[in-house]
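Encoded as structure tokens, the structure appears first; notes follow it.
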Amino acid sequence: MPATRPASPTPAAPAAGPLTTASQPLYLVSAAGVPNYGEELITRAWLDYLALRHPEREVWLDCPHPGRAAHLFRSTHPRLRTTDTLWELVRGGDGLDAEAAADRIGRLVRDLGSPWFDNGLLQLRKVGSIHLVGGPHLTDQPGLLSAARAVHEAFGVRVIATGIDLPADLDAFAEVEPAETALDDAYLALALKRPLFDRRPTCDRVVLIEGDRAEWDDATITATIDGFAAGISPASVAFVEALAPEDHRFRGVARPDARFHPFGELWADGLPARAGQRWVASRAHVHLLAAAAGAMGFVVIGDGGEDDVANRRLLEQGTGWVPVAPGDVIRSEDASMDTSFPDKAKQFGARKRALADRLYPL
């Protein structure tokens with residue numbers, strides 16, 4: 001006889017009583033696991049924080065690459081588990097218009113019916129909160145918001161969202177930071193004990209310009225790098241990689257013999273940033289950390305990418321770096337900083353830590 005197809009799981013019956021706060025798992029959603037230094041830094045900061053605040057609670061991280069994430073974050077929370085339930089749920093609606101995709105997500109969250117997602121969606125009904133970590137990936141993946149909304153509306157699960165560039169309609173169902181005071185989640189890392197900076201000897205001039213910006217051609221960016229590194233020995237210039245392998249691009253074109261700090265080195269040993277250095281960078285989280293370390297710099301800003309928006313916000317917050325356009329010819333001696341920013345960054349970190357304490361009470 002042919003095998004009988006197993007029935008799809010049915011929604012779980014309500015528990016006899018609410019789970020105690022201390023027994024419910026916590027659930028983070030981020031764009032971690034690429035690896036991309038900024039997203040990994042933010043995610044690690046929240047996991048480190050939860051390890052200090054709630055080490056006994058199970059923590060789930062939902063991200064696009066859970067296998068890589070399991071390795072990247074193995075030294076963070078002692079009860080960490082990784083999955084891609086919501087990211088896979090969102091990808092399954094590719095090709096649908098926004099309304100149809102949201103309807104599909106809501107139906108699966110409420111009614112189940114797919115062996116691909118049912119076990120993960122059942123787990124979501126048991127969590128104490130869903131925390132959308134960071135910001136820019138939320139606007140790129142509206143399905144994540146649809147899924148969080150559906151879980152909240154159907155099962156009453158608390159939704160939290162932190163970081164910048166959060167859609168306004170989150171206010172209807174999530175606890176969010178006020179727009180006028182929202183800070184990048186990377187500031188939280190400055191309020192924790194994990195070392196962020198490489199304490200070994202580092203070069204005096206450092207370059208990190210996004211290699212995945214298709215609109216930035218090699219000749220344009222090389223002109224900026226050449227001006228920055230003019231008259232400086234190759235041994236005094238280093239290139240840093242936040243996103244592999246893309247961020248190797250301009251080193252290979254402009255200074256193939258320069259020192260190179262790959263992502264793995266940053267992750268294990270910290271960012272090679274210190275006071276007295278001069279940087280030219282375009283990735284916002286590197287801009288933030290290098291300025292917090294006391295480095296002077298130029299920030300390359302284009303026409304509206306995620307990092308462009310975040311970099312402008314960092315300039316408003318007072319890094320004191322010099323904004324330049326791709327292709328501008330610069331001199332390293334013209335780099336600048338606001339000497340008050342390292343202390344200000346610590347204050348921002350303390351504000352973020354206070355927010356975290358309010359979101360995750362003991």
Side-chain angles (χ1 to χ4, degrees), residues 28 30-49 51 61 63-78 80-82 84 87 133-134 136-137 184-186 188-190 192-213 221 225 234-274 277 279-293 295 297 306-307 310:
L28 305 185
S30 87
V34 176
N36 181 346
Y37 183 70
E39 296 290 353
E40 318 309 333
L41 173 76
I42 287 170
T43 303
R44 185 174 66 182
W46 279 108
L47 291 171
D48 282 344
Y49 169 81
L61 171 63
C63 63
H65 305 286
R68 296 177 200 166
H71 294 287
L72 287 167
F73 305 122
R74 65 184 181 274
S75 67
T76 58
H77 198 283
L80 175 65
R81 297 189 176 193
T82 59
D84 57 0
W87 283 90
V133 172
H137 64 278
D184 194 299
D185 274 1
L188 179 62
L190 295 171
L192 301 173
K193 293 182 178 180
R194 184 186 295 273
L196 296 176
F197 302 107
D198 192 338
R199 295 308 179 191
R200 298 174 300 178
T202 56
C203 290
D204 296 328
R205 306 290 185 270
V206 188
V207 179
L208 197 163
I209 300 181
E210 297 157 88
D212 57 340
R213 294 287 287 264
I221 299 302
I225 294 172
S236 296
V237 181
F239 284 70
V240 171
E241 173 186 75
L243 177 65
E246 283 78 6
D247 288 346
H248 186 271
R249 171 183 170 189
F250 295 118
R251 175 192 181 241
V253 172
R255 294 289 188 279
D257 297 326
R259 183 174 176 181
F260 183 58
H261 297 274
F263 169 87
E265 186 176 311
L266 270 61
W267 195 243
D269 302 316
L271 189 73
R274 56 173 171 79
Q277 282 179 319
W279 282 67
V280 57
S282 68
R283 293 204 181 275
H285 292 111
V286 168
H287 173 191
L288 187 162
L289 285 185
E306 291 175 359
D307 278 278

* To do: Specify whether W46 and Y49 have parallel, tilted or perpendicular ring planes, treating 30° as the upper limit for parallel and 60° as the lower limit for perpendicular.
  =>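 It falls in the perpendicular class, over 60°.
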Looking only at heavy atoms, what is the nearest atom pair of [X] and [Y], with distance?
{"X": "D212", "Y": "R283", "result": "OD1-NH2, 2.9 Å"}
{"X": "P66", "Y": "T82", "result": "O-OG1, 3.1 Å"}
{"X": "Q277", "Y": "C203", "result": "NE2-O, 2.9 Å"}
{"X": "L271", "Y": "Y37", "result": "CB-OH, 4.0 Å"}
{"X": "A290", "Y": "W279", "result": "CB-CE2, 3.9 Å"}
{"X": "A31", "Y": "W87", "result": "CA-CZ2, 3.9 Å"}

Handout entry: Residue that, paired with T43, satisfies side chain to side chain contact (heavy atoms under 4.5 Å, CB included) out of D48, L61, L72, T76
Key =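 Exactly one pass, corresponding to L61.
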**Report entry** Option passing side chain to side chain contact (heavy atoms under 4.5 Å, CB included) with I42 (candidates V133, L188, L47)
**Finding:**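 For I42, the side chain to side chain contact (heavy atoms under 4.5 Å, CB included) check succeeds only for V133.
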**Message:** Between S75 and R194, does the side chain to side chain contact (heavy atoms under 4.5 Å, CB included) criterion hold? Intermediate values first, please.
**Reply:** CA-CA 11 Å; S75 67; R194 184 186 295 273; 3.5 Å; yes
inquiry  = Go through it in stages, so that I can follow the logic: the residues are D269 and R200, the test is side chain to side chain contact (heavy atoms under 4.5 Å, CB included), and I'd like the CA-CA distance, side-chain angles, deciding distance and then a yes or no.
reply    = CA-CA 9 Å; D269 302 316; R200 298 174 300 178; 3.2 Å; yes
R81, CZ atom: more than 12 neighbouring heavy atoms under 6.0 Å =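 At most 12 heavy atoms, drawn from other residues, nucleotides or ligands, come within 6.0 Å of this atom.
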Spacing of [atom1] belonging to [X] relative to [atom2] belonging to [Y], to within rounding of 0.5 Å:
{"X": "S282", "Y": "R213", "atom1": "OG", "atom2": "CZ", "result": "7.0 Å"}
{"X": "R259", "Y": "D257", "atom1": "CZ", "atom2": "CG", "result": "14.5 Å"}
{"X": "L190", "Y": "L192", "atom1": "CG", "atom2": "CG", "result": "8.5 Å"}
{"X": "H261", "Y": "L266", "atom1": "NE2", "atom2": "CG", "result": "8.0 Å"}

Set of side-chain hydrogen bond (donor to acceptor under 3.5 Å, both in side chains) partners for H287, sequence neighbours left out
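Partners of H287 under the side-chain hydrogen bond (donor to acceptor under 3.5 Å, both in side chains) test: N311, T319.
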Within the distance-only criterion (no hydrogens, no angle test), does the side chain of [X] pair as donor or acceptor with the backbone N or O of [Y] below 3.5 angstrom?
{"X": "D307", "Y": "A284", "value": "yes"}
{"X": "R251", "Y": "A258", "value": "yes"}
{"X": "R255", "Y": "V237", "value": "no"}
{"X": "E40", "Y": "A32", "value": "no"}

Under 4.5 Å between any side-chain heavy atoms of D247 and F239, yes or no?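 Not touching, per the 4.5 Å side-chain cut-off.
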Please lay out, stage by stage, how I225 and F250 fare under the test side chain to side chain contact (heavy atoms under 4.5 Å, CB included). CA-CA 9 Å; I225 294 172; F250 295 118; 3.7 Å; yes
Not counting sequence neighbours, which residues clear salt bridge (charged side-chain N to carboxylate O under 4.0 Å, His left out) with E246? List them please.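 By the salt bridge (charged side-chain N to carboxylate O under 4.0 Å, His left out) rule, E246 matches no residue at all.
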Below 6.0 angstrom between ring centroids: does that apply to H248 and F260?
->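 Between F260 and H248, which both carry aromatic rings, the centre distance is below 6.0 Å.
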| field | Stepwise side chain to side chain contact (heavy atoms under 4.5 Å, CB included) check, L41 with L196 | value | CA-CA 9 Å; L41 173 76; L196 296 176; 3.9 Å; yes
